[in-house]
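Inspection log for the structure reproduced underneath, given as C-alpha cells.
Quick note: numbers below take in every heavy atom, side chains included, and nothing from hydrogens, waters or symmetry partners.
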Amino acid sequence: LIAQQEYRAAIDTLVANLNGHANPEGHALLGTAYFHAERYAEAEPLLMQSFEMAKDQFGDDDARTQTLLARLADRYTRWGKPEQAAAFGK
C-alpha cells in the first residue's frame, strides 16, 4: 500500500495489525506511511521507536538496526533537520 501511495489505507492496516506489539519493522513501516502522508509529528516517534527496538532486539551492528538508522537519518535530512540527521550518521 505504501508503494502504491495509498498512505491512509497503509496507516489503517498497520495500526490494526500492530495492535500494541513491539515490532521494529512494523513501527518503521507505520512511521514511513505517516512520513509519506506528510504527518511528520506522528512519523518521527515511530521511526525513533523502531530504531530503539531494533537496537534492543538485534544489537547495534545488526543489518536491520543499521537500515533503520540510515532511514531515520534520511528522514531527518528530508525534514530539513540536519543536526538530527548528523546525530544518526548522515
Side-chain angles (χ1 to χ4, degrees):
L1 293 171
I2 293 172
Q4 297 166 349
Q5 298 182 354
E6 295 181 23
Y7 306 122
R8 182 76 231 150
I11 290 166
D12 291 343
T13 300
L14 286 162
V15 166
N17 286 314
L18 281 173
N19 197 23
H21 297 294
N23 178 328
E25 291 87 357
H27 279 71
L29 285 172
L30 182 55
T32 297
Y34 279 128
F35 174 82
H36 288 296
E38 298 180 356
R39 294 171 60 179
Y40 305 124
E42 293 161 289
E44 185 174 14
L46 287 163
L47 293 170
M48 184 61 100
Q49 288 170 4
S50 70
F51 171 65
E52 293 297 331
M53 281 188 271
K55 279 185 7 180
D56 291 345
Q57 290 180 19
F58 311 125
D60 289 341
D61 297 326
D62 186 84
R64 293 167 286 196
T65 303
Q66 292 300 309
T67 296
L68 292 171
L69 175 66
R71 187 176 296 153
L72 191 56
D74 176 68
R75 297 307 183 240
Y76 278 124
T77 298
R78 291 182 187 202
W79 281 324
K81 297 182 175 185
E83 299 84 18
Q84 288 94 331
F88 292 100
K90 191 170 187 175

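Remark: Y34 pairs with no residue by the ring-ring contact (aromatic ring centres under 6.0 Å, His included) rule, at least two apart or across chains. Legend: residues meeting ring-ring contact (aromatic ring centres under 6.0 Å, His included) with Y40, ordered by chain and number and at least two apart, are F35, W79. Under the rule for a side-chain hydrogen bond (donor to acceptor under 3.5 Å, both in side chains), the partners of E42 that lie at least two apart in sequence or sit in another chain are R39. Residues passing the side-chain hydrogen bond (donor to acceptor under 3.5 Å, both in side chains) test with E44, sequence neighbours excluded: Y76. In this structure, N17 has no side-chain hydrogen bond (donor to acceptor under 3.5 Å, both in side chains) partners at least two apart in sequence or on a different chain.
When all heavy atoms are compared, the tightest approach of G31 to A43 is O-CB, 3.3 Å. The two residues I11 and A33 come nearest to each other via the heavy atoms CG1-CB, 3.7 Å. Here the closest heavy-atom approach between residue A85 and residue T77 is recorded as CB-OG1, 3.3 Å.
Within the 4.5 Å cutoff, the side chain of M48 has heavy atoms near those of the L72 side chain. Residues T32 and R75 are in side-chain contact: their nearest non-hydrogen atoms beyond the backbone lie under 4.5 Å apart.
How far NE2 of H27 is from CZ of F51: 15.0 Å, rounded to the nearest 0.5 Å. The CG atom of L29 lies 11.5 Å from the OG1 atom of T13; values are rounded to the nearest 0.5 Å. We find the CG-CD distance between N23 and Q57 to be 7.5 Å, quoted to the nearest 0.5 Å.
Among pairs with a residue in residues 8-29, those fulfilling salt bridge (Lys or Arg N to Asp or Glu O under 4.0 Å) read R8-D12, at least two apart in sequence or across chains.
When the side chains of ILVMFWY residues are joined at heavy-atom separations under 4.5 Å, either directly or via intervening members, L14 and Y7 end up in a single hydrophobic cluster.
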Using distance only, find each side-chain donor-acceptor pair of residues 60-68 under 3.5 Å and give its atom names and separation, not counting sequence neighbours.
{"residue": "D62", "atom": "OD1", "partner": "R64", "partner atom": "NH2", "Å": "3.2"}
{"residue": "D62", "atom": "OD2", "partner": "R64", "partner atom": "N", "Å": "2.8"}
{"residue": "D62", "atom": "OD2", "partner": "R64", "partner atom": "NE", "Å": "2.8"}
{"residue": "T65", "atom": "OG1", "partner": "A54", "partner atom": "O", "Å": "3.2"}
{"residue": "T65", "atom": "OG1", "partner": "G59", "partner atom": "O", "Å": "2.8"}
{"residue": "Q66", "atom": "NE2", "partner": "D60", "partner atom": "O", "Å": "2.5"}
{"residue": "T67", "atom": "OG1", "partner": "A63", "partner atom": "O", "Å": "2.9"}

